[in-house]
Undergrad: 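Pasting a structure below so you can have a look.
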Amino acid sequence: MSLPRQLRNESDYDQLPDDVAVSATIADIEEKRGFSSYYVFVIEVKTKGGGRYMVFRRYRQFYNLHGKLEERYGVGSKNSPFTCTLPILPGKVYVGAKREIAESRITILNTYMKKLLNLPAWFLMDEDVRLFFYQSSFDSEQTPLGLRRLRPRTRRVKSICPQEPGFDRMAAPRAEALFDFTGSTKLELSFKKGDLIYLLSKVNKNWFEGTVRDTTGIFPCAFVNIIKDLPQEEDTVNWLRCYYHGDNFTSIRDISVEEDLSSTPVFQDLMELMRREFGCDDIALNYRDAEGDLIRLLSDEDVLLMVLQCKDRPVFPKHIFPWKLHVTQQDDYTVYNTSPAGYAIPTQTEKGP
């Protein structure tokens with residue numbers, strides 16, 4: 001009898017909550033551009049109760065989870081009365097194209113998750129395992145890009161019925177089909193040229209969600225002509241404001257990043273981002289303290305101090321980080337208002353006069 005079948009016959013497995021993850025498969029990878037460029041694995045999770053949803057995880061989240069599980073349940077561990085043989089996780093790779101590395105990991109990570117979720121029922125109740133496969137509010141707000149393989153953001157939407165009393169045909173967002181379109185999955189909406197499609201949402205720049213003849217699904221924007229568009233959605237891109245101090249000038253640049261406004265970046269990621277944006281390697285990163293003096297950033301601790309200090313500053317416009325970066329030349333100490341002979345790079349407790 002196979003292990004999965006064995007587990008499903010055990011009474012302790014039957015008593016597990018319905019929201020416990022029992023299956024997970026990587027459906028796609030997506031590039032994200034935060035303070036550094038990275039790839040996330042788009043994972044479709046199935047629960048014991050039959051639920052399905054998407055979660056987005058970086059490789060380092062797999063790595064961190066595995067480390068905790070090895071310490072807690074690995075063979076020979078003294079941290080728990082329960083131990084088991086954990087599946088093997090591929091190690092970190094530091095050389096090679098990021099996309100190729102991510103693609104090469106898909107099969108191995110799928111095997112890893114399958115074996116992980118086939119471990120005894122008590123293992124599935126581990127807090128870190130449950131959190132890893134839990135759909136957070138961040139996960140639910142993401143829009144998968146590979147729509148032919150993935151579920152759209154909106155899963156349960158009532159169809160629009162033009163025959164219902166009070167339905168305003170002229171006010172409803174709608175489009176006319178320019179070509180026939182036959183959906184390749186149950187998620188996609190099939191229609192004929194000339195059909196009137198009522199729009200429900202814009203999944204991304206290339207796909208709509210709509211309804212025709214009491215059927216709801218997603219379809220490519222290129223197949224329709226918009227008669228009345230959906231209301232303009234609020235921009236959700238966050239921006240990092242940077243000041244670049246040249247020899248005789250200062251320029252301002254707002255850089256878009258896919259990070260939450262409350263997040264704290266890693267110093268090295270900030271350096272790489274600024275070098276890429278300004279096309280210069282010999283730069284230094286700084287911020288202004290409450291007295292208006294420039295403080296040079298040298299480590300993750302300095303970045304954390306900058307973020308904490310700026311929390312009490314006046315509120316910035318929406319979607320702009322509350323802290324700013326000042327980019328200077330690495331050897332330019334004049335911005336600190338001190339002479340080169342007596343200059344010492346300002347620290348958290350020391351800065352130029």
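We number each residue from 1, following the sequence as shown.
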Undergrad: Let's go through L200 and L230 carefully: what are the C-alpha distance in whole Å and the side-chain angles of both, what is the deciding distance for side chain to side chain contact (heavy atoms under 4.5 Å, CB included) to 0.1 Å, and is it a yes or a no?
TA: CA-CA 8 Å; L200 299 175; L230 290 158; over 6 Å; no
Undergrad: Hey, is the main chain of P265 close enough, under 3.5 Å, to the side chain of D269 for a donor-acceptor pair?
TA: no
Undergrad: Quick one: CD on Q330 to CG on D332, what's the gap to the nearest 0.5 Å?
TA: 11.0 Å
Undergrad: Give a yes or no on whether I88 atom CD1 has more than 12 heavy-atom contacts from other residues, nucleotides or ligands under 6.0 Å away.
TA: no
Undergrad: Passes side chain to side chain contact (heavy atoms under 4.5 Å, CB included), Y39 versus I101? Steps please.
TA: CA-CA 9 Å; Y39 280 87; I101 293 173; over 6 Å; no
Undergrad: Do T85 and L119 come within less than 4.5 Å of each other through their side chains, counting heavy atoms only?
TA: no
Undergrad: So, taking the atom named CZ in R174 and the one named NZ in K228, what distance separates them when rounded to the nearest 0.5 Å?
TA: 7.0 Å
Undergrad: Rounded to the nearest 0.5 Å, how far apart are OG1 of T334 and OH of Y336?
TA: 9.5 Å
Undergrad: Ignoring hydrogens, what is the shortest heavy-atom contact between L117 and S23? Give both atom names and the distance.
TA: CD1-N, 3.6 Å
Undergrad: Please determine whether side chain to side chain contact (heavy atoms under 4.5 Å, CB included) holds for the pair Y287 and L285, giving the CA-CA distance in whole Å, both sets of side-chain angles, and the decisive distance to 0.1 Å.
TA: CA-CA 7 Å; Y287 73 98; L285 304 185; over 6 Å; no
Undergrad: Do other residues, nucleotides or ligands put more than 12 heavy atoms under 6.0 Å from E272 CD?
TA: yes
Undergrad: List the residues meeting side chain to side chain donor-acceptor pair (under 3.5 Å) with T250, not counting sequence neighbours, and say none if there are none.
TA: H245
Undergrad: Tell me whether I29 shares a hydrophobic cluster with Y63, the cluster being built from Ile, Leu, Val, Met, Phe, Trp, Tyr side chains joined at under 4.5 Å.
TA: yes
Undergrad: Do the side chains of L240 and M274 get nearer than 4.5 Å, heavy atoms only?
TA: yes
Undergrad: Below 4.5 Å, heavy atoms only, C-beta onward: do K115 and T111 meet side chain to side chain?
TA: yes
Undergrad: Hey, are the side chains of L196 and I227 touching, using non-hydrogen atoms and a 4.5 Å cut-off?
TA: yes
Undergrad: Looking at CD of Q15 and NZ of K48, how far apart are the two atoms once the value is rounded to the nearest 0.5 Å?
TA: 9.0 Å
Undergrad: Without swapping roles, check the side chain of E188 against the backbone of G217 for a donor-acceptor pair under 3.5 Å.
TA: no
Undergrad: Ignoring hydrogens, what is the shortest heavy-atom contact between L124 and L116? Give both atom names and the distance.
TA: CD2-O, 4.1 Å
Undergrad: Should L308 and V266 be regarded as members of a common hydrophobic cluster, given that ILVMFWY residues are connected when their side-chain heavy atoms come within less than 4.5 Å of each other, either directly or indirectly?
TA: no
Undergrad: Are K193 and F179 side-chain neighbours, meaning at least one heavy-atom pair lies under 4.5 Å?
TA: no
Undergrad: Between V257, V307, D254, which is the residue that forms a side-chain contact (heavy atoms from CB on, under 4.5 Å) with F321?
TA: V257
Undergrad: Looking only at heavy atoms, what is the nearest atom pair of Q329 and C280, with distance?
TA: OE1-SG, 4.2 Å
Undergrad: Name the orientation class of the two ring planes belonging to F278 and Y244 (parallel below 30°, tilted from 30 to 60°, perpendicular beyond 60°).
TA: parallel
Undergrad: Can you name the salt bridge (charged side-chain N to carboxylate O under 4.0 Å, His left out) partners of R253, sequence neighbours left out?
TA: E277
Undergrad: So does D281 get a backbone contact from the side chain of R275, meaning a donor-acceptor N/O pair under 3.5 Å?
TA: yes
Undergrad: Angle class for the Y59/F62 ring planes (parallel below 30°, perpendicular above 60°, tilted otherwise)?
TA: parallel
Undergrad: Give a yes-or-no answer on whether the side chains of S201 and E209 include a donor-acceptor pair shorter than 3.5 Å.
TA: yes
Undergrad: Quick one: does any side-chain atom of D293 pair with a main-chain N or O of D289 as donor and acceptor, under 3.5 Å?
TA: no
Undergrad: Test side chain to side chain contact (heavy atoms under 4.5 Å, CB included) on I295 and L305; report intermediate values, then the result.
TA: CA-CA 11 Å; I295 305 297; L305 180 63; over 6 Å; no
Undergrad: Side-chain contact, heavy-atom cut-off 4.5 Å: L189 with F208?
TA: no
Undergrad: Look at the side chain of N110 and the backbone N and O of I26, then say whether any donor-acceptor pair between them is shorter than 3.5 Å.
TA: yes
Undergrad: Once salt bridge (charged side-chain N to carboxylate O under 4.0 Å, His left out) is applied, do any residues pair with R130, and if so which ones, sequence neighbours excluded?
TA: D19
Undergrad: For F219, which of F191, F181, Y198 qualifies under ring-ring contact (aromatic ring centres under 6.0 Å, His included)?
TA: F191
Undergrad: Within 45 degrees of the ring normal and closer than 6.0 Å to the centroid, is that where the cationic atom of R105 sits relative to F41?
TA: no
Undergrad: Checking Q61 side chain against R58 main chain: does a donor-acceptor pair fall under 3.5 Å?
TA: yes
Undergrad: Taking all atoms of both residues into account, what is the closest heavy-atom pair of A21 and V45, and its distance?
TA: CB-CG1, 3.7 Å
Undergrad: CG/D302 to CG/N286 distance, rounded to the nearest 0.5 angstrom?
TA: 10.5 Å
Undergrad: With rounding to the nearest 0.5 angstrom, report the CG to CE distance, L297 to M271.
TA: 9.5 Å
Undergrad: Do I226 and F223 sit in the same hydrophobic cluster, where Ile, Leu, Val, Met, Phe, Trp and Tyr count as joined when their side-chain heavy atoms come under 4.5 Å apart?
TA: yes
Undergrad: Which atom names give the shortest non-hydrogen contact between L178 and A222, and what distance separates them?
TA: CD1-O, 4.4 Å
Undergrad: Hey, are K68 and D126 close enough for a salt bridge, meaning a charged N less than 4.0 Å from a carboxylate O?
TA: no
Undergrad: Report yes if some heavy atom in the side chain of W122 is under 4.5 Å from a heavy atom in the side chain of Y73; otherwise report no.
TA: yes
Undergrad: Are I43 and Y134 co-members of a hydrophobic cluster defined by side-chain heavy atoms under 4.5 Å apart?
TA: no
Undergrad: Answer with yes or no whether the hydrophobic clustering places I252 together with L294; edges join I, L, V, M, F, W, Y residues whose side-chain heavy atoms lie under 4.5 Å apart.
TA: no
Undergrad: Are C84 and L86 close enough that some pair of their side-chain heavy atoms sits under 4.5 Å apart?
TA: yes
Undergrad: Taking all non-hydrogen atoms of both residues, which atom of T264 and which atom of L304 are closest, and how far apart?
TA: CG2-CA, 4.2 Å
Undergrad: Give the ring-plane orientation class for H326 versus Y243, where under 30° counts as parallel, over 60° as perpendicular and anything between as tilted.
TA: parallel
Undergrad: One thing to verify: whether D139 and R57 come together as a salt bridge, which I'm taking to mean a side-chain N less than 4.0 angstrom from a carboxylate O.
TA: yes
Undergrad: Is it the case that the side chain of T182 and the backbone of S190 share a donor-acceptor pair, with hydrogens and angles ignored and the cut-off at 3.5 Å?
TA: no
